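Structure record follows, encoded as structure tokens.
Computed from a prediction, not measured in an experiment: that's the story for all the values here.
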Number of protein chains: 2
Amino acid sequence: MIQKKRPTLYDVAKEANVSIATVSNVLNNKAEASEETVKRVNQVIKQIGYSRNESARSLKRGESKLIGLIVPDNNPFFTEILDGIQHECEYYDWQVVVATSEESEKRQNQLIDLLLAQQVSGIILAPVSDTLSYPKISKKTPIVLIDREVENVTLPVIKADNVDGCYKATKTLLRNGHKRIGLILASPGISTTVQRRHGYVEALNSQNIQIDEDLIQFGGNYTGTKAQIDGGYQAVMNMMKLTSPPTAIFATNHLLMIGALKALNELKLNIPKDMSFIGFDDHPWQEISTPKFTIVSQPAFEMGKQAIHALHKYKSSNETIKTSLPLQLIIRESCGTEK
Amino acid sequence: MIQKKRPTLYDVAKEANVSIATVSNVLNNKAEASEETVKRVNQVIKQIGYSRNESARSLKRGESKLIGLIVPDNNPFFTEILDGIQHECEYYDWQVVVATSEESEKRQNQLIDLLLAQQVSGIILAPVSDTLSYPKISKKTPIVLIDREVENVTLPVIKADNVDGCYKATKTLLRNGHKRIGLILASPGISTTVQRRHGYVEALNSQNIQIDEDLIQFGGNYTGTKAQIDGGYQAVMNMMKLTSPPTAIFATNHLLMIGALKALNELKLNIPKDMSFIGFDDHPWQEISTPKFTIVSQPAFEMGKQAIHALHKYKSSNETIKTSLPLQLIIRESCGTEK
DNA sequence: CTGAAAGCGCTTACAG
DNA sequence: CTGAAAGCGCTTACAG
């Protein structure tokens with residue numbers, strides 16, 4: 001329980017018989033000091049246990065070594081993105097401040113303000129809606145969008161190729177002979193929903209199958225694990241009440257998928273015998289479930305890594321990177337025989 | 001894309017015709033300004049969109065509004081803890097910097113240094129081992145332990161009552177007639193492992209059943225989801241090779257549980273017919289699995305909340321809170337008939 | 001290659 | 001109730 005205050009540059013300078021400017025230089029590898037001086041200073045630093053006061057540095061430089069991450073919630077998908085971000089931040093010597101918007105635009109914008117006040121080097125944002133009302137974006141403190149796009153501003157964005165991924169998943173179901181395919185979507189106001197729907201529609205169109213809006217259900221705008229699972233559950237219940245219910249269901253996120261499966265269970269519908277099913281986002285549980293589910297898997301970790309890359313690129317060369325990472329369809333046992 | 005620099009206290013002061021000290025006072029609710037002045041200053045603040053530079057404040061006060069969280073990895077248990085922490089930080093106007101130690105002590109200590117350099121108000125730590133080699137702990141920047149305890153330092157700690165929880169789980173198995181109960185533990189070097197083992201041993205002792213070390217398997221010190229699942233898998237495989245294999249298995253964390261179930265699947269052992277099973281940590285998947293698994297559930301969210309509480313308490317009154325939250329045994333269908 | 005000095009934007013005694 | 005001023009610990013031109 002040592003209470004004495006942290007040593008400063010002055011302490012190091014005094015001990016090493018140099019000026020604080022010199023200490024600062026060796027600290028920042030400015031290569032303006034003689035080899036001998038560098039060695040001596042470094043020795044003193046280690047000896048007295050000096051480490052830089054980042055607040056002071058941030059104040060002077062107008063920028064901290066912090067990166068902000070704002071996601072709607074901490075579900076496993078966003079957590080894996082965080083993993084990727086943390087991994088890559090290591091390289092740039094950045095640390096990550098996390099915050100959740102809980103799908104509230106007001107809260108999201110407050111969080112941006114808070115992060116800006118912390119002088120963060122940049123913000124990675126999974127926006128709550130398809131427009132961004134936030135004007136204070138500079139080259140120095142850029143916002144990089146992740147997962148979800150926005151219509152009214154040009155920003156770097158790292159996302160998944162939702163259209164293609166959902167097109168392929170739907171195609172697989174079509175190839176297996178299904179004509180009535182239920183689609184369960186999340187909240188209508190975000191780009192991923194629009195794009196996933198788009199992929200589905202394109203696949204049906206390619207087969208000249210009419211879109212039946214009754215087969216497209218929204219899991220609701222609800223926040224929270226339980227509410228989303230309920231959304232998936234309700235979606236299936238609604239579909240199965242139709243005069244002509246679907247013979248296959250495609251759930252476009254993990255929680256929706258769990259809710260949908262719960263409903264199917266209750267209805268005693270066997271997968272894949274009575275109902276074909278494709279889910280979203282892989283999870284270790286799927287290795288031991290029966291049947292093993294065919295799913296669309298997102299490269300979340302990679303998305304996180306690339307977001308930090310894009311952030312750095314934007315800061316260093318003002319380049320606006322827009323990347324659409326491929327979604328992987330992992331065929332297992334839940335949608336019939338054809339592989 | 002507004003590039004002009006952020007307004008400062010001076011800008012506000014000039015615009016409101018007061019000194020910067022006054023602006024600072026109203027900003028900090030120091031109640032030393034007349035009502036009229038407060039109103040005018042607040043109006044100017046809103047008008048020019050001022051928000052405080054936290055780096056400057058942190059430098060002056062020697063403390064930022066940041067809280068550090070160091071966990072071994074971002075598995076769902078720790079993510080739920082993060083949720084609780086974030087929730088509670090809202091109240092104290094703190095933000096959370098997250099970092100993962102990846103079960104490396106060296107990395108853990110580096111991260112503590114980095115966080116201290118950020119002048120964090122405190123650190124919540126799930127330590128990688130049962131001793132803490134870190135000396136720089138003050139009342140101002142305390143470390144609060146979460147989930148895992150440490151032997152050599154007295155610090156606030158918020159943990160689960162692992163002994164009791166595992167005692168009860170084992171007792172349930174014993175009551176159902178099992179005498180040979182396999183126990184799958186995580187890494188031996190951490191307090192949770194020791195305590196979970198202790199609960200198991202106590203339960204067997206209460207029944208005068210000899211401990212068979214062959215029935216106690218460690219999932220290994222491995223980091224990463226896959227390695228831990230493999231650990232659980234291997235543990236079961238080892239146990240089932242015994243001349244007298246267990247008739248019930250208790251897996252003491254979620255990943256270990258998944259691995260164990262995978263092994264049991266492969267061995268075509270039906271739960272609960274051929275094998276009783278109790279797992280750890282609840283998950284929505286369990287609502288739709290067959291059978292529904294009996295598990296020990298941890299109050300992770302609550303632990304996160306209480307950790308922030310304990311941190312605040314320690315800072316304000318130097319009180320060292322030690323809390324052991326009850327574990328909940330959720331009886332479902334995986335360990336026989338008796339409820 | 002090194003040092004003296006200004007200044008980043010705040011908070012906080014202190015004086016009035 | 002309000003203001004002038006010092007100082008938190010750095011970085012960075014600038015001078016030597």
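Rounded to a whole Å, the CD atom of A/Glu54 is 8 Å from the P atom of D/dT11. Note: CG (B/Leu116) to C1' (D/dG9) measures 16 Å, nearest angstrom. Between A/Asn28 atom CG and D/dC10 atom P the separation is 11 Å, expressed in whole Å. Regarding A/Tyr10, its OH atom lies at a distance of 13 Å from the P atom of C/dG3, rounded to whole Å. For the pair B/Asn25 CG and D/dT2 P, the interatomic distance rounds to 9 Å; values are reported in whole Å. Following rounding to the nearest Å, A/Asp11 (CG) and D/dC8 (P) show an atom-to-atom distance of 11 Å. Here the P atom of nucleotide D/dG3 and the CG atom of B/Leu9 are 13 Å apart, to the nearest Å. Following rounding to the nearest Å, A/Arg61 (CZ) and D/dC10 (P) show an atom-to-atom distance of 14 Å.
Side chain of B/Ala21, nearest nucleotide from D/dT12, C/dG9, D/dA5: D/dA5. Nearest nucleotide to the A/Asn53 side chain, out of C/dT11, D/dC10, D/dG3: D/dC10. Comparing atom distances between the A/Arg57 side chain and each of D/dT11, D/dA6, C/dA4 picks out D/dT11 as nearest.
B/Glu102 is not listed as a side-chain neighbour of B/Asp73, based on a closest heavy-atom distance of 4.5 Å or more.
Pairs passing the salt bridge (charged side-chain N to carboxylate O under 4.0 Å, His left out) check and including a residue from residues 78-93 of chain B, sequence neighbours excluded, read A/Arg107-B/Glu90, B/Lys65-B/Asp93. Sorted by first and then second residue, the ring pair (Phe, Tyr, Trp, His ring centres under 6.0 Å) pairs with a member in residues 87-109 of chain B read B/His87-B/Phe301, B/Tyr92-B/Trp94, B/Tyr92-B/His312; sequence neighbours excluded. Applying the salt bridge (charged side-chain N to carboxylate O under 4.0 Å, His left out) rule to pairs touching residues 117-127 of chain B yields nothing, sequence neighbours excluded. Every pair passing salt bridge (charged side-chain N to carboxylate O under 4.0 Å, His left out) that includes a residue from residues 305-322 of chain B is listed here, sequence neighbours excluded: B/Glu63-B/Lys315.
Remark on DNA chain D: of its neighbouring residues B/Thr37 and B/Leu59, the 5'-side contact belongs to B/Thr37, judged by nearest-heavy-atom nucleotide. The residue among A/Glu35 and A/Ile20 whose nearest nucleotide of DNA chain C is located toward the 5' end is A/Glu35.
Residue A/Ser34 places at least one side-chain N or O closer than 4.0 Å to OP1 or OP2 of C/dT2. OP1 and OP2 of D/dG9 both lie 4.0 Å or more from every side-chain N or O belonging to A/Thr8. The phosphate of C/dG3 has OP1 or OP2 within less than 4.0 Å of a side-chain N or O from A/Thr22. A close approach under 4.0 Å does not occur between any side-chain nitrogen or oxygen of A/Arg6 and OP1 or OP2 of D/dG9.
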Using Watson-Crick and G-U wobble pairs whose two distances are both under 3.5 Å, how do you write the pairing of DNA chain D as dot-bracket, with | for links to another strand? |||.||||||||.|||

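Within the nucleic acid shown, A/Ser24 comes within 4.0 Å of at least one base atom, counting heavy atoms only.
No donor-acceptor pair under 3.5 Å is formed between the side chain of B/Ser24 and the backbone N or O of B/Ile20.
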Ignoring hydrogens and angles, write down the donor-acceptor pairs under 3.5 Å from the side chains of residues 37-48 of chain A, residues two or more places apart or on other chains.
residue : atom : partner : partner atom : Å
A/Thr37 : OG1  : A/Ser34 : OG           : 2.6
A/Arg40 : NH1  : A/Ala16 : O            : 2.2
A/Asn42 : ND2  : A/Val38 : O            : 3.3

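Counting only N and O atoms by type, the side chains of B/Glu105 and B/Ser129 include a donor and acceptor under 3.5 Å apart.
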